[in-house]
Structure formats: structure tokens, C-alpha cells
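Taking it in order: structure first as C-alpha cells, then the write-up.
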Amino acid sequence: MYYFYFGKVLFPIAPEKIETKISGNNQTITLINEGEINQIKSPKLTEFSFDLLLPQITKYPFATYNNYYEKKVSQSPIPLTFFNHNMMPASYYLEQIEAFKNDTNGFNFKVIRTAPSGKALFDTTMKVTIEDYTIKEEADNGFDIVVSVTLKKYVKYGTIKVTVKKNGSAKTVSKKKARKLNKDLPTTHKVKKGDTLQIIKKKYYTLGTKTYRQMIYTKNKNVIEKAAKKAGYKASANGKHLVHGTKLTIPKIKE
């Protein structure tokens, strides 16, 4: 049995096959009078490719429909309790895929494998981004939708500013302290034309390791979703669709 997750979203049917591509990044160099040598470098970012089947009408007996997610993977990697056996529409998963595609912070891709006896096998867990995806509708699949997805491993990066201080003939390099959060955060923010959660996040918080964008969305989820539906969207796609004039609460955070 395979359990297939994007973040906390469990897809009902695991792909028939998953291709994991790990490419080398070595470089061949020709030395004068010495011939060729192979300069060993770190491998390229891992890529995953697969096709996801999203049922529209047929409820397959082998499909898994639940909203359970086990956070303590090391203790119990297998979803044991099912709270929701109802079939979710394909549109729900398409909206989730679109939201993950637009997520600039990456998300956890997880494949849990279990033997027929229920014994846990090895897992795949990696932070990734969606490189691209293609939605296919074919007569052979009836009303079902197939989405071809390519994921790539996400590695967080950033820059560090340094200052060089001269002390006689010696030079010392010290890291510049990171900016602190704004001390006087406003209580609310009124969405303007062109605003996104990413823009709002950068306005009120310094860039750091925490996902402040998701924090703003979680705090204002009901307001954002209500405004999106009123504006004609099925959903906000995890905060992608912000409606002009919506009043958001800016969460307070300790420095």
C-alpha cells in the first residue's frame, strides 16, 4: 500500500510508477600533457516524475479518502485512523496542486510504503517544489483526470552580509546581525490592488526561517475564503486570490 502526500494533502490514488532522477554534476577537465580528469561535484537536485489519477465520478475500491496526517512519522508512519471516507472532487486536488506550484517556500513530498501485512517499509520524505504539471483529459480515462507532475528537491539558500574591521595589520570578519521584526506592527492590513500574501509578509516581517506568509493566511483563513467565494472563486487557493478591500489581521510575533 502506498500513501502519497503533498504537504498534508493525501491523494486518493498513488501513481502506477514514480521515476526518481538523481543526475551527476561532475565535470571532465583536460589538463595539459596529463589527459582528462573527472572533477567530482555534488549531484544535481533530485527530480520526481509521475502521473496522478484524480477520480471525478467513480469511487475506486482501492482509493484512500481521508484527511488524516500523522505528524510523528518516526513513531507511526502509517495512517491508521480514517475520519473522512467521502470522495473529494478532482477540482479540490487541482486547486491544491496549483497552490503548491505557487508556494515559493517549498513543501514536504512524502511517500509512505506498507506491506500487505501492514508492516511499514521505507519512506520517501523530501522538501520539493513543483517544476511543472500537465492536466490531461482523455476518452480512455472516462471522466477521470490525469495530472503529470515533475517535482524537484528544494534547498533553501540566502546571503549573509559581513563587515570587515581593521585592527592594526589584522583584519577580522564579523557577521552582520539580522534585522529584527518590526517593533510597531499594525493590527490590521487592508488589501490593495496587486497585494499578495508574499508582498504583505515582506512589508511587515523580515525574511526569516518561519513561513510568515502561511501564518497570515491561517490567521485570516475564514475572511480570505469568504471574500474569495463572494468574488466568484471556488476557493482562494491557499491565499492566492486576495480580494481588494479585505481587512486582514496582522499576527503579532515575539522577536
Side-chain angles (χ1 to χ4, degrees), residues 1-30 36-54 69-74 77-79 93-114 120-136 145-162 175 178 196-199 201-202 205-217 237-240:
M1 189 71 178
Y2 279 63
Y3 298 92
F4 206 77
Y5 287 97
F6 280 13
K8 295 184 179 181
V9 178
L10 171 65
F11 285 88
I13 301 175
E16 291 185 2
K17 65 177 181 179
I18 304 173
E19 294 185 2
T20 304
K21 183 179 180 181
I22 306 172
S23 301
N25 199 24
N26 299 340
Q27 184 178 4
T28 301
I29 300 175
T30 303
E36 292 183 341
I37 65 168
N38 192 18
Q39 188 178 28
I40 307 300
K41 295 185 178 182
S42 299
K44 293 183 179 180
L45 298 176
T46 303
E47 292 187 3
F48 301 94
S49 300
F50 46 82
D51 290 342
L52 287 172
L53 177 64
L54 305 180
Y69 183 78
E70 178 59 64
K71 292 182 179 179
K72 297 181 180 179
V73 175
S74 60
I78 309 171
Y93 296 104
L94 291 175
E95 289 174 358
Q96 295 298 321
I97 292 172
E98 182 184 2
F100 284 120
K101 179 67 176 75
N102 295 318
D103 189 348
T104 58
N105 297 309
F107 61 92
N108 284 327
F109 168 59
K110 188 173 188 65
V111 181
I112 299 176
R113 304 168 180 85
T114 63
L121 304 176
F122 76 98
D123 299 341
T124 297
T125 304
M126 187 178 292
K127 196 161 190 179
V128 299
T129 56
I130 296 180
E131 284 297 288
D132 54 66
Y133 67 94
T134 305
I135 302 172
K136 304 175 183 177
I145 293 175
V146 175
V147 183
S148 297
V149 183
T150 300
L151 306 178
K152 181 174 283 189
K153 181 180 179 180
Y154 174 76
V155 178
K156 191 168 184 178
Y157 65 93
T159 58
I160 299 176
K161 292 183 178 180
V162 297
K175 293 182 180 179
T196 64
L197 290 180
Q198 191 73 5
I199 291 174
K201 179 200 79 170
K202 289 182 179 180
Y205 306 105
T206 57
L207 298 178
T209 57
K210 292 185 178 180
T211 311
Y212 297 128
R213 177 198 176 282
Q214 187 63 34
M215 180 185 64
I216 297 173
Y217 171 74
N238 199 35
K240 176 185 176 184

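Position 1 is the first residue of the sequence, and the numbers go up from there.
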Hey, is the main chain of Gly7 close enough, under 3.5 Å, to the side chain of Asn108 for a donor-acceptor pair? no
Below 4.5 Å, heavy atoms only, C-beta onward: do Asn238 and Glu98 meet side chain to side chain? no
Using side-chain hydrogen bond (donor to acceptor under 3.5 Å, both in side chains) as the criterion, list what pairs up with Tyr217, not counting sequence neighbours. Glu225
So do the side chains of Phe50 and Leu151 get within less than 4.5 Å of each other, counting heavy atoms only? yes
Residues at least two apart in sequence or cross-chain that pass ring pair (Phe, Tyr, Trp, His ring centres under 6.0 Å) with Tyr154, listed by chain then number, are none
Dump the intermediate steps for side chain to side chain donor-acceptor pair (under 3.5 Å) on Thr129 and Lys152, then the final yes or no. CA-CA 6 Å; Thr129 56; Lys152 181 174 283 189; over 6 Å; no
Is any side-chain heavy atom of Asn38 closer than 4.5 Å to one of Ile40? yes
Any side-chain heavy-atom pair from Tyr133 and Lys101 closer than 4.5 angstrom? yes
Can you check whether Phe4 reaches Leu52 side chain to side chain, under 4.5 Å on heavy atoms? yes
Using a 4.5 Å cut-off on heavy atoms from C-beta on, say whether the side chain of Ile112 contacts that of Tyr2. no
Have Ser49 and Lys21 got a donor and an acceptor in their side chains that come within less than 3.5 Å? no
Quick one: does Arg113's side chain have a donor or acceptor within less than 3.5 Å of a partner on Phe122's backbone? yes
